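Below, read A as the first sequence line, B as the second, and so on, with proteins coming before strands; counting in each chain starts at 1. What you are looking at is a predicted structure, and each value in this text was computed from that prediction instead of being measured.
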Amino acid sequence: MHRYRTHNCAALRASDVGSIVKLSGWVHSKRDHGGLLFIDLRDHFGVTQIVIPADSTLLETVEKIRVESVLCVTGKVVAREGDTVNPKLPTGEIEIQAEDIEILSSAAVLPFQVNGNENYPEDLRLTYRYIDLRRERIHRNILLRSNVISSLRNRMIAQGFTEFQTPILTASSPEGARDFLVPARLHPGKFYALPQAPQQFKQLAMVAGFDRYFQIAPCFRDEAARADRSPGEFYQLDFEMSFVTQEDVFETLEPVMEGIFREFAPNHEISPAPFERIPYKTAMKEYGSDKPDLRNPLRITDVTSAFDGSDFGLFAKITAEGGEVRAIPAPGAGGKPRSFFDKLNGWAREEKMGGLGYITFDETGAAKGPIAKNLDEARCEQIKKACNLQNGDAVFFVAGKGLEMIKFSGTVRTKIATELNLIEQNAFRFCWIVDFPMYELNEETGLVDFSHNPFSMPQGGLEALNNRDPLEINAYQYDIVCNGIELSSGAIRNHRPDIMIRAFEIAGYPEEEVEKRFGGMLNAFRYGAPPHGGAAPGVDRIVMLLTDEPNIREVILFPLNQQGEDLMMCAPAPTTPERLKELSLALNLPKVAVKRSENAPE
RNA sequence: GCGGGUGUAGCUCAGUUUGGUUAGAGCGUCGGCCUGUCACGCCGAAGGUCGCGGGUUCGAGCCCCGUCACUCGCGCCA
């Protein structure tokens with residue numbers, strides 16, 4: 001018989017009755033009836049009930065052990081009878097009559113319980129992550145993550161991709177975030193940067209002729225955390241392909257995404273490929289966002305002309321000053337009580353957006369509400385028609401200028417659909433956002449700036465850069481969005497040094513500067529570079545969607561807290577003067593940091 | 001850096017409309033009882049600087065000011 005186990009804790013069935021077995025695992029729960037004692041023994045695979053009979057000499061030992069102690073149990077599989085069968089357990093038809101129990105490891109009193117669904121404070125969970133990870137939900141999440149990654153690998157390899165590891169200790173890359181730096185001992189005063197993404201390396205792999213690269217790539221960015229954004233490090237399915245157009249990239253990633261979501265969310269509706277392609281400008285106009293949630297059926301309509309020159313002074317003034325009015329339909333809300341509209345208006349005020357105007361259409365189609373009073377019938381009818389409204393519907397208005405108005409229209413779209421319960425449930429809806437502008441106007445400086453990745457190929461190439469208004473040029477730059485969450489951005493890259501230098505020139509970078517900062521890659525493109533493109537969907541976010549977890553830390557094995565600290569391993573940590581000297585570093589701590597480290601518990 | 005929320009027993013939380021004697025419950029822990037439980041049950045006990053500091057008051061868990069921690073969001077960041 002094996003030293004520790006003949007079966008795992010999910011294996012035994014009625015057909016095993018009579019056999020002598022050995023199981024090892026944690027004491028999930030203990031029910032002591034005085035004479036008789038039950039243990040639920042748990043391992044990675046499941047739970048099996050152990051019985052210690054009334055006359056057993058084991059009783060004395062077992063009575064003393066705490067839950068989460070680790071036992072090795074030898075005994076006989078016996079059938080449970082009648083109502084002692086537990087239909088909730090896969091192993092519920094049997095139990096193990098213990099003949100010998102070895103305590104492999106006894107547990108101290110726990111900081112929180114493994115058994116049960118209680119919520120515990122996150123810092124406690126992170127300090128004792130190894131206990132937290134025993135709990136069913138998080139254990140399942142992490143396992144799912146592993147399976148997702150494994151499936152992603154298989155799907156990519158099946159499509160002819162090759163996995164490579166790119167450097168972790170590398171040079172600063174221009175993704176826009178703050179780098180993590182590592183001091184180089186052999187080069188005093190110099191630093192490695194951890195990669196914000198393997199962007200340049202994967203492009204260089206294409207130049208090297210590998211045709212299709214992918215990697216489950218760790219990325220490092222020294223920026224603040226969010227619920228859906230890990231501080232410090234995260235993982236992407238980073239990939240790149242040679243000799244492809246934008247459509248080729250889409251057609252390659254679509255079956256991977258659709259397949260993954262079908263595999264791991266079998267009870268959800270999944271967008272079938274090809275996913276809808278939505279130009280950036282359309283997305284901003286109709287969804288008020290560059291990451292629209294397609295589960296939300298509402299569409300935003302431009303109704304500026306219906307208010308331009310109208311008697312509704314507030315909006316007429318805004319349109320006269322070059323502002324716009326956007327309408328968000330609220331199907332079936334025409335009959336809602338006044339309080340419904342007041343509540344939304346109050347919400348808009350809390351969002352610091354002045355308020356939220358509306359018109360309701362009653363069952364006869366008559367327009368009602370404060371705005372309708374000041375708007376002639378033809379204009380109301382125009383709005384009704386433009387927004388495709390029926391009798392009994394309502395419509396909300398957002399008026400203003402620029403990005404702020406657009407973003408708020410998107411927020412209102414989400415809010416109304418949520419209030420009216422219109423968001424499709426149990427569905428994953430994908431789309432591509434395409435035709436991102438190559439440049440944007442920096443509002444602070446008034447200068448032209450890259451709006452996304454500077455390495456994207458401008459649509460129209462060098463000709464467009466030379467002859468067109470930079471702000472009118474689109475890039476072969478795209479995002480893939482699922483349920484309103486940006487899973488990835490990507491691009492067809494600029495593989496032509498002449499176009500790249502011109503592209504940077506427009507954004508105000510002289511040629512010498514470009515050569516200095518990106519000379520490595522630029523040079524590579526001078527020795528024969530294939531046209532190439534790719535993307536890098538975030539693994540953590542895919543798993544968040546699949547597990548329906550609102551917080552990224554629920555899908556990461558050992559996450560940092562919001563402050564970027566590892567509470568379990570106590571990182572980051574101070575170092576010794578000897579190490580600092582070796583690295584040619586001297587500390588220059590701000591007062592706050594000194595205070596904080598003084599207060600830190602040892 | 002800024003704004004919101006939270007902070008009471010090891011853990012989850014309650015603490016009343018308006019400040020009033022000794023701050024409660026459940027889980028867990030410890031002790032006792034219990035031969036069919038699977039959220040076992042029953043009896044009992046221990047366990048509290050009400051995050052911390054200051055203020056108002058005869059009196060503060062509760063009101064005021066400051067501060068710290070955690071968290072959500074903004075800024076930042078694909």
Is a side-chain donor-acceptor pair under 3.5 Å present for [Y] with [X]?
| X | Y | value |
| --- | --- | --- |
| A/Tyr287 | A/Asn296 | no |
| A/Glu549 | A/Asn141 | yes |
| A/Gln477 | A/Asn453 | no |
| A/Gln215 | A/Thr166 | yes |
| A/Arg413 | A/Thr411 | no |
| A/Trp432 | A/Glu254 | yes |

Rounded interatomic separation in angstrom, taking [atom1] from [X] and [atom2] from [N]:
| X | N | atom1 | atom2 | result |
| --- | --- | --- | --- | --- |
| A/Leu560 | B/rC70 | CG | P | 13 Å |
| A/Phe180 | B/rC76 | CZ | C1' | 13 Å |
| A/Lys407 | B/rC74 | NZ | C1' | 10 Å |
| A/Glu68 | B/rG28 | CD | P | 13 Å |
| A/Asp179 | B/rC76 | CG | P | 18 Å |

For [N], does OP1 or OP2 lie under 4.0 Å from any side-chain N or O of [X]?
| X | N | answer |
| --- | --- | --- |
| A/Gln562 | B/rC72 | yes |
| A/Gln196 | B/rC77 | no |
| A/Arg226 | B/rU71 | no |

Considering only atom P, compute the distance from B/rC64 to B/rG28 and round it to an integer number of Å. 38 Å
Shortest side-chain distance from [X], nucleotide among [options]:
| X | options | answer |
| --- | --- | --- |
| A/Val109 | B/rC72, B/rU29, B/rC77 | B/rU29 |
| A/Ala227 | B/rU71, B/rC76, B/rC72 | B/rC72 |
| A/Glu122 | B/rG73, B/rC77, B/rU71 | B/rU71 |

Checking only heavy atoms, does the side chain of A/Arg221 share a donor-acceptor pair with the base of B/rC77 at less than 3.5 Å?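 By the distance-only test, no, there is no pair.
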Record whether the side chain of A/Arg66 comes under 3.5 Å of the base of B/rG28 through a donor-acceptor pair of N or O atoms.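 Answer no: no donor N or O sits under 3.5 Å from an acceptor.
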Could you tell me whether [X] and [Y] have their ring centroids closer than 6.0 angstrom?
| X | Y | answer |
| --- | --- | --- |
| A/Phe261 | A/Phe428 | yes |
| A/Phe504 | A/Phe518 | yes |
| A/Phe161 | A/Phe239 | yes |
| A/Phe201 | A/Phe164 | no |

What contact category does [X] fall into here, base, sugar-phosphate, or nothing, at under 4.0 angstrom with non-hydrogen atoms?
| X | answer |
| --- | --- |
| A/Asn551 | sugar-phosphate |
| A/Asp479 | nothing |
| A/Gln199 | nothing |
| A/Ala224 | base |
| A/Arg553 | sugar-phosphate |

The contact string for nucleotides 6-11 of chain B, one letter per nucleotide 5' to 3', using protein heavy atoms under 4.0 Å with B, S and - for base, sugar-phosphate only and none, comes out as ----SS
Nucleotide by nucleotide, nucleotides 33-43 of chain B touches protein heavy atoms under 4.0 Å in the pattern (B base, S sugar-phosphate only, - none) -BBBBBSB---
Using modelled atom types and a 3.5 Å cut-off, is there a donor and acceptor pairing between side-chain atoms of A/Arg229 and backbone atoms of A/Ala224?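 Indeed, once roles are kept as given, a pair shorter than 3.5 Å links the two residues.
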Step by step, would you call A/Tyr213 with A/Asp238 a side-chain hydrogen bond (donor to acceptor under 3.5 Å, both in side chains)? CA-CA 8 Å; A/Tyr213 142 95; A/Asp238 192 51; 2.7 Å; yes
Dot-bracket for RNA chain B, please, read 5' to 3', with Watson-Crick or G-U wobble pairs under 3.5 Å on both distances, ( ) within the strand, [ ] crossing, | other strand, . unpaired. (((((((..((((......[...)))).(((((.......))))).....(((((..]....))))))))))))....
Would you mind reporting whether A/Tyr476 and A/Gln459 have side-chain heavy atoms less than 4.5 Å apart?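 SC-SC contact between A/Gln459 and A/Tyr476 confirmed.
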